[in-house]
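Naming: A, B, ... by sequence-line order, numbering from 1 per chain. These figures come from a predicted structure and were not determined experimentally. For the numbers below, each heavy atom of this structure counts, side chains included, while hydrogens, waters and symmetry mates do not.
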There are 2 protein chains.
Amino acid sequence: MGKERVTVIDIARAAGVSKSTVSLVLQASPLVNEATRAKVNAAIRELGYVYNRGAANLRQSNAKSKIIGIVVNDLTNSFFAELAVGVDMVVQSAGYVQFLANTGESVDRQREVIASMREHGISGLILSPARGTEAADLKPLVASGIPVVNVVRQVAGAKVSSLVSDNHAGTHQAVRHLAGLGHHRIAFLGGFPDTAVFHERLQGYRDALSDMDLAVHGELVISSAPSRAGGVAAIERALLLRERPTAAVCFNDAVAFGVCDGLRAHRLDPGEDFAVIGFDDVIEAQTAVPALTTISVDPQGMGRRAAQLLLKQINAGRADAEAIVSSVRLVVRQSCGAATDKRERLSLL
Amino acid sequence: MGKERVTVIDIARAAGVSKSTVSLVLQASPLVNEATRAKVNAAIRELGYVYNRGAANLRQSNAKSKIIGIVVNDLTNSFFAELAVGVDMVVQSAGYVQFLANTGESVDRQREVIASMREHGISGLILSPARGTEAADLKPLVASGIPVVNVVRQVAGAKVSSLVSDNHAGTHQAVRHLAGLGHHRIAFLGGFPDTAVFHERLQGYRDALSDMDLAVHGELVISSAPSRAGGVAAIERALLLRERPTAAVCFNDAVAFGVCDGLRAHRLDPGEDFAVIGFDDVIEAQTAVPALTTISVDPQGMGRRAAQLLLKQINAGRADAEAIVSSVRLVVRQSCGAATDKRERLSLL
DNA sequence: CTAGATAATTGGAACGTTCCAAAGTTGTCA
DNA sequence: TGACAACTTTGGAACGTTCCAATTATCTAG
């Protein structure tokens, strides 16, 4: 059934016009007469025509494909799922469609998917680079004039735009808040030390300690996988220290949740016996128990902004690298043991 | 820089052969001499050639595009994020690339994205249909010979394959387990009543009650949005009943987490004062506190299976609708108050 | 040395669209 | 009536690939 593809020529024949006219109608050109346009559209509906973007794209190699690529390093992390949703929103309503791929932190896989996306002629790429991505990996892409926006993580030396959250300010605020509550042994838990994000967050932590005239103890910085399991592992190690910390700033929310789990396993009550602050403000942070005090970065909004930036560059034809640092704010909830104002939680129900 | 696209003709010139030969090399044809192949490959690397799938696809309209589409109704639900990851795995290693779109339960948006995907010539589609999707919506797709696999939800009357979990058996097991622990007022909480999945799970719940000679009380079935917030709302209403339930089977894990939150807000301890069972076994179920007893459906595995089924159909050229019911098992953790075996939790750390 | 087979290569047509330059239609005004 | 503008429409070339039939080069056997 319907095996034969119906083309612009078929509908031209049906409407009694030339294929050129049909093409003009498809592009909503103002040059075509209203009556003709109606006839053509009728034929299109009649025959169930579907536009062949591949063919169109072949002719107009510049205007491009209406595809944007998005590759993330860990889609199972809800931060990235939210990010993808944000991107999808703006991209979709601009008439684009998104290729989404997950690299699972593998540079090899990342290379493959980016190559594949290029073959399909993406108009632009939003990339949260896998660990270990180098500027050279992105070189051919930008050389061919495809706009790239890095999100979350930057790639040193790459001439591409980036949209990252203000990591330094985030942990800085978190530490100041904890210090203000009277904590002076504050740990920094979780994250891989070989990423720029880790260093920025760590530096914010260190600088804040200095600013508050607190000592910086190396033993209180414990790295681990940036996941729930990693959080458990990190707090386990922290609790073995001769002088235990009384509070922790965590690399991200996933780690923070793990830290809470680990504390409970030791019969410690997060928010009461130990203060915990996360980073990202994933959706579960509001409803978890205790509700997580965290640095809000609004992943969905970040996705939207990244997509807007990318579309701007695509439309501009050519756009130069632009580095946006998206600001960040501390959302005080319960896990840090601050004045427990129940109103926020209840209003969310 | 590099504005001019390098084509098969450029590399033919560079390698001193004809474009046809280059084409054969690209397709790894055995007809071409080893030495020639080497020369051509060298030129390809040299000039930084990138294959134009659009053009290729234009010529061989049958063999198709190496794109598969996946559209889900709620990507922020980690169940679907996991599902997408599963699909991505097998699809990627088969040399395909995935279009991922999120409908947010909007049939309009779903119509748009499917239309857009068709224009791009997807070879197949994996679809978790938005609420209210009708067989007519899928008609043109299947008429044009594009294989479709529905996941999670079915569409009545649509001649497409489907892969759903055994919803009836799942809630049936859950209720039996709770009854075995001595509960006799067991609620069914959450979910939209206008979906087939809801009815299947509800029916499993009802049948199990009957099988265990327990009364079925209509008031104990409380529907709500299938989200964390919906779970909170549902348990709120359940606790207002004259005769409160002592246990609940929830529509899915998100609802179950919400139910736990709501219980705590009433100073009830989930797992101790009230038994909660979820459905899906999302990744957080293992590490939450209390660890969630739930029906495991392995979303990632489901994604993989769906992708395999779809690829099979694509390769077979034509495949008839096949309905797979994927089996399901109860994973007993802590939230149902059963013998609290700590080993499972600890082994996960 | 030649006929026939086998291996390797090739030019041109085709895929479905867009763009361009050109050609028809009208209508207006001197 | 003729010239000119404004509005519509149109054939054909191009885009980058694959496929087919045809060609050339190489080998084998008689």
Novice: Return no unless some side-chain N or O of A/Gln60 is found under 4.0 Å from OP1 or OP2 of C/dT17.
Specialist: no
Novice: Nearest whole Å is fine: how far is D/dT17 C1' from B/Ile9 CD1?
Specialist: 9 Å
Novice: Rounded at 0.5 Å granularity, tell me how far CZ in A/Arg45 sits from CD1 in A/Ile11.
Specialist: 10.5 Å
Novice: Apply the side-chain contact (heavy atoms from CB on, under 4.5 Å) test between A/Asn150 and each candidate in A/Val164, A/Leu163, A/Thr133, A/Leu138; give the one that qualifies.
Specialist: A/Leu138
Novice: Could you measure the distance from the CZ atom of B/Arg37 to the CG atom of B/Leu31? Nearest 0.5 Å is fine.
Specialist: 9.5 Å
Novice: In this structure, how many angstroms lie between the P atom of C/dA14 and the CG atom of A/Leu58, rounded?
Specialist: 17 Å
Novice: Are side-chain N/O atoms of A/Ser123 and A/Ser65 paired as donor and acceptor at under 3.5 Å?
Specialist: yes
Novice: Return yes if the base of C/dT17 and the side-chain atoms of A/Arg59 contain a donor-acceptor N/O pair under 3.5 Å, otherwise no.
Specialist: no
Novice: Taking CG from A/Asn57 and C1' from C/dC19, how many angstroms apart are they, rounded to a whole number?
Specialist: 15 Å
Novice: What is the distance, to the nearest angstrom, from the NE2 atom on A/His120 to the P atom on D/dG16?
Specialist: 18 Å
Novice: Nearest 0.5 angstrom please: B/Ser106 OG to B/Glu112 CD, how far?
Specialist: 7.0 Å
Novice: Atom CG of B/Asp10 to atom C1' of D/dG16: distance rounded to whole Å?
Specialist: 10 Å
Novice: Going by number, which of residues 11-33 of chain A have a non-hydrogen atom under 4.0 Å from DNA chain C?
Specialist: A/Lys19, A/Ser20, A/Ser23, A/Gln27
Novice: Can you list, by residue number, the residues of residues 38-53 of chain B that have a non-hydrogen atom closer than 4.0 angstrom to DNA chain C?
Specialist: none
Novice: With no hydrogens and no angle check, do the side chains of B/Ser162 and B/Gln154 hold a donor and an acceptor under 3.5 Å apart?
Specialist: yes
Novice: With rounding to the nearest 0.5 Å, note down the distance linking OG1 in A/Thr7 to OH in A/Tyr49.
Specialist: 7.5 Å
Novice: With DNA chain C as reference, determine whether B/Ala55 or B/Thr36 sits nearer its 5' end, using the nearest nucleotide of each.
Specialist: B/Thr36
Novice: One thing to verify: whether B/Lys139 and B/Glu134 come together as a salt bridge, which I'm taking to mean a side-chain N less than 4.0 angstrom from a carboxylate O.
Specialist: no
Novice: Which pair of non-hydrogen atoms, one from B/Ala307 and one from B/Val90, has the smallest distance, and what is that distance?
Specialist: CB-CG2, 3.3 Å
